[in-house]
Enquirer: 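Structure in structure tokens, see below.
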Amino acid sequence: MTADGPKDALPALRLPRRTRRLLGCAFLLLVAAVVADLLTGPGTTLSPVLAVAPMLAGATTRSARVPLFAGAVATAAVVLLEVSNSHLPNSVHLTALITVLAATLASAANVVLVSARERELTQVRTVAEAAQRALLRPPPERLGPLRVAVRYAAAAAEARIGGDLYEVVDTPHGIRILLGDVQGHGLPAVETAADVLGTFREAARTEPDLARVAERLDAALAGRAVNERFATALLLDVERSGGRAGFVNCGHPHPLLRRAGRVTELAPPQHAPPLGLLGLIGGHYRAGGFDPLPGDLLLLYTDGVSEARNAADRFYPLAQRLAGLPAASPGAVLDALLADVRDWVGVAGPTDDAALLALRWEH
């Protein structure tokens, strides 16, 4: 027993409505078969179909006791039908009895196996959530002139984390913000994301020049001896006074600025390669800038959102949908966007990891 409950406790099984209806119809057919057997007289029997009972019961539970109980009831029903069909050969009754018992044991074993796998998955999710909390720390809702909100959706629900990353740091040089997307998936991408975040948290506090922070991140990735990967990234520098904001775009999708209901892209002064690839072309990162106004909302995002496709293979129109959303808190805007993306894709959510970070300048 832990502070949160039994060690092996699993969340309650919730079957979709359609599944419940199908299982209910199957149970009704089973009852109808027993009634028909009793009404047709001693010449025929439908008792072997009772083997379906423990199988149906096993589909509705995580406890092996349920299919075992259903199997016991089915066995009793087989015996009842044997009495009413006493003229049939014993081999028929024995076959029905063996079939029900075998189905009962198999159903109970399947429930035990599925429950064990779900416990393992629950443990993996718990570890993943702890890793996410350590790696991707929730930013403060209010920081200087900004209201901040972040939403993260991993493509694999059982993973909870992926290669997308974000960070918001209050430094002596201003409010420094990072949103990035590591190439690839799985644990190697998470390891690379951890390296990028660690370097950013240190460089953001010590480097007065935002472009120099980006070059520190690039050097950290280029210097990795194993799992060589690159990462697109957008770095933002906001003055605590609410004045001019600077940004460096390292091969990342352009941020979207919504001002007075209109949405525009913030293009960088020059196109630059992702982190880890600057050495291939030489040169340096350059910072761009803009002058925010009270009420402006800036959206940073990864391609898991902008490249989400619907059934017609059309990309999600992020700028258009952002412009159409009502003025609300950054968190409400992100929640509405993610819900809209899920509707657009038509499945549980984006098929790639997706990170969204919204900033609003307060009056």
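Side chains included, hydrogens not; waters and symmetry mates left out as well; all remaining heavy atoms used. Everything numeric in this text was worked out from a predicted model, so none of it was measured.
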Enquirer: Side chains of I175 and V169, heavy atoms from C-beta outward: is any pair under 4.5 Å?
Expert: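 Not touching, per the 4.5 Å side-chain cut-off.
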Enquirer: Just by distance, no angles: are the side chains of D181 and T232 close enough, under 3.5 Å, to form a donor-acceptor pair?
Expert: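 Side chains of D181 and T232: no pair found under 3.5 Å.
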Enquirer: Verify, without hydrogens or angle tests, whether N310 (side chain) and D313 (backbone) share a donor-acceptor contact under 3.5 angstrom.
Expert: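 Indeed, once roles are kept as given, a pair shorter than 3.5 Å links the two residues.
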Enquirer: Does the side chain of E207 pick up a donor-acceptor pair with the side chain of H173 at under 3.5 Å?
Expert: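 No donor-acceptor contact under 3.5 Å links the two side chains.
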Enquirer: How does the hydrophobic cluster around L94 look, that is, which other residues are in it when side-chain heavy atoms under 4.5 Å mark a link?
Expert: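 So far as hydrophobic clustering goes, L94 is joined with I98.
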Enquirer: Working to the nearest 0.5 angstrom, can you tell me the gap between E239 CD and D291 CG?
Expert: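 If I round to the nearest 0.5 Å, the distance is 9.0 Å.
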Enquirer: Give the other cluster members for V73, using side-chain heavy-atom distances under 4.5 Å between Ile, Leu, Val, Met, Phe, Trp and Tyr residues; answer none if it is isolated.
Expert: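 The other cluster members (ILVMFWY side chains, heavy atoms under 4.5 Å, direct or chained) are F69.
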Enquirer: Do R314 and W344 have side chains that approach each other closer than 4.5 Å (heavy atoms only, starting at C-beta)?
Expert: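 In contact.
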Enquirer: Give, for atom CG of L300 and atom CG of L234, the distance between the pair rounded to the nearest 0.5 Å.
Expert: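 That separation rounds to 4.5 Å.
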Enquirer: Determine whether C250 and Y285 satisfy the following criterion, side-chain contact (heavy atoms from CB on, under 4.5 Å), listing intermediate values before the conclusion.
Expert: CA-CA 8 Å; C250 308; Y285 287 116; 3.7 Å; yes
Enquirer: Going by heavy atoms in the side chains, are P255 and Y301 under 4.5 Å from each other?
Expert: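 No, their side chains stay 4.5 Å or more apart.
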Enquirer: Nearest 0.5 Å, please: how far is CG in L217 from CG in L178?
Expert: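 Nearest 0.5 Å value for the CG-CG distance: 6.5 Å.
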Enquirer: Could you pull out every donor-acceptor pair under 3.5 Å between side chains of residues 273-281 and any protein atom, sequence neighbours left out?
Expert:
none

Enquirer: Below 4.5 Å, heavy atoms only, C-beta onward: do V182 and L165 meet side chain to side chain?
Expert: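 The answer is yes, as the side chains (C-beta and beyond) meet within the 4.5 Å cut-off.
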Enquirer: Could you label the plane-to-plane angle of the W361 and F290 rings as parallel, tilted or perpendicular, counting under 30° as parallel and over 60° as perpendicular?
Expert: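 Because their plane-to-plane angle is over 60°, the rings of W361 and F290 count as perpendicular.
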Enquirer: Please name the pair of heavy atoms, one in Y152 and one in A355, separated by the smallest distance, quoted to 0.1 Å.
Expert: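 Heavy-atom minimum between the residues: CD1-CB, 4.0 Å.
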Enquirer: With clusters defined by side-chain heavy atoms of hydrophobic residues (ILVMFWY) lying less than 4.5 Å apart, directly or transitively, does V34 cluster with F27?
Expert: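 Same cluster: F27 reaches V34 through Ile, Leu, Val, Met, Phe, Trp or Tyr contacts under 4.5 Å.
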Enquirer: Is there a side-chain contact between T302 and H252 (heavy atoms, below 4.5 Å)?
Expert: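 In contact.
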Enquirer: Carefully, step by step, assess L297 and L359 under the rule side-chain contact (heavy atoms from CB on, under 4.5 Å).
Expert: CA-CA 6 Å; L297 185 137; L359 310 169; over 6 Å; no
Enquirer: Can you list, pair by pair, the side-chain donor-acceptor contacts under 3.5 Å of residues 320-338, counting residues two or more places apart and other chains?
Expert:
residue, atom, partner, partner atom, Å
R321, NH1, D340, OD1, 3.0
R321, NH1, D340, OD2, 2.6
S329, OG, A332, N, 3.2
D335, OD1, R151, NE, 2.7
D335, OD2, R151, NH2, 3.4

Enquirer: Give every residue pair that meets the salt bridge (Lys or Arg N to Asp or Glu O under 4.0 Å) criterion with at least one member in residues 254-272, sequence neighbours excluded.
Expert: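 Sorted result for residues 254-272: R259-D296.
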Enquirer: Is L210 reachable from L266 through a run of hydrophobic residues whose side-chain heavy atoms are each under 4.5 Å from the next?
Expert: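 L266 and L210: one cluster.
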Enquirer: side-chain contact (heavy atoms from CB on, under 4.5 Å), that's the test. Do V213 and L235 meet it? Break it down for me.
Expert: CA-CA 9 Å; V213 175; L235 289 78; 3.6 Å; yes
Enquirer: Could you go through R117 and E120, starting from their C-alpha distance and side-chain angles, then the distance that decides it, and tell me whether this counts as salt bridge (charged side-chain N to carboxylate O under 4.0 Å, His left out)?
Expert: CA-CA 5 Å; R117 289 179 175 174; E120 292 177 359; over 6 Å; no
Enquirer: Does the side chain of L146 come within less than 4.5 Å of V238's, by heavy atoms?
Expert: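 The answer is yes; the side chains approach within 4.5 Å.
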Enquirer: With salt bridge (charged side-chain N to carboxylate O under 4.0 Å, His left out) as the test, would you mind laying out the steps for E167 and R201 before giving the verdict?
Expert: CA-CA 8 Å; E167 182 60 288; R201 287 163 182 161; 2.4 Å; yes
Enquirer: Atom CG in L236, atom CG in L298: separation rounded to 0.5 Å?
Expert: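 Here the rounded value is 6.0 Å.
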Enquirer: Are the side chain of T104 and the backbone N or O of L68 linked by a donor-acceptor pair below 3.5 Å?
Expert: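 Not confirmed, T104 side chain does not pair with L68 backbone.
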Enquirer: Working to the nearest 0.5 Å, report the span between CG of D218 and CZ of R212.
Expert: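 Going from CG on D218 over to CZ on R212, the span is 10.0 Å.
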Enquirer: Measure the spacing between CG of L197 and CD of E202 and express it to the nearest 0.5 Å.
Expert: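 Rounded to the nearest 0.5 Å, the CG-CD separation comes out at 13.5 Å.
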Enquirer: Determine the minimum heavy-atom distance between A204 and T171, stating which atoms define it.
Expert: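 Shortest heavy-atom separation between A204 and T171 comes out as O-CG2, 3.4 Å.
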Enquirer: Identify the heavy atoms of A74 and A53 that sit nearest to each other, and give their distance.
Expert: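 The answer is CB-CB, 4.2 Å.
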Enquirer: Any carboxylate oxygen within less than 4.0 angstrom of a Lys/Arg side-chain nitrogen, looking at R176 and D170?
Expert: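 Salt bridge absent between R176 and D170.
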Enquirer: Between T60 and A57, what is the shortest heavy-atom contact and its length?
Expert: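 Scanning both residues, the minimum pair turns out to be OG1-O, 2.7 Å.
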Enquirer: According to salt bridge (Lys or Arg N to Asp or Glu O under 4.0 Å), does anything in residues 245-256 pair up with another residue at least two apart or in another chain? List the pairs.
Expert: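 As it turns out, there is no salt bridge (Lys or Arg N to Asp or Glu O under 4.0 Å) pair with a partner in residues 245-256 once direct neighbours are skipped.
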Enquirer: Could you tell me whether E307 and R309 have a side-chain N and a carboxylate O separated by less than 4.0 Å?
Expert: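 Not counted as a salt bridge, because no side-chain N and carboxylate O are separated by less than 4.0 Å.
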Enquirer: Is it possible for you to say whether V112 and V114 belong to one hydrophobic cluster, with membership spreading through side-chain heavy-atom contacts below 4.5 Å?
Expert: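 Cluster IDs for V112 and V114 differ.
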Enquirer: Find out if a path of hydrophobic residues (ILVMFWY) with successive side-chain heavy-atom gaps under 4.5 Å connects V100 to V111.
Expert: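 In one cluster with V100: V111, no.
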Enquirer: Of all heavy-atom pairs between T199 and A220, which one has the smallest distance, and what is that distance?
Expert: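 For T199 and A220, the tightest heavy-atom pair comes out as OG1-CB, 3.5 Å.
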Enquirer: Apply side-chain contact (heavy atoms from CB on, under 4.5 Å) to L81 and L50, showing your working.
Expert: CA-CA 11 Å; L81 295 178; L50 290 169; 4.0 Å; yes
Enquirer: If you count every heavy atom of other residues, nucleotides or ligands that lies below 6.0 Å from Q270 atom CD, does the total exceed 12?
Expert: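 Yes, enclosed.
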Enquirer: Quick one: are L136 and Y166 in side-chain contact, heavy atoms under 4.5 Å?
Expert: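 Yes, at least one pair of side-chain atoms sits under 4.5 Å.
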Enquirer: Is the closest side-chain heavy-atom distance between R20 and R18 below 4.5 Å?
Expert: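 Heavy-atom side-chain distance check fails, nothing below 4.5 Å.
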Enquirer: Taking all non-hydrogen atoms of both residues, which atom of T61 and which atom of P67 are closest, and how far apart?
Expert: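 In this case the closest contact between T61 and P67 is CG2-CD, 4.0 Å.
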Enquirer: Is there a path from L101 to L56 through hydrophobic residues (I, L, V, M, F, W, Y) whose side chains come within less than 4.5 Å of each other?
Expert: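 Looking at the clustering, L56 is in the same group as L101.
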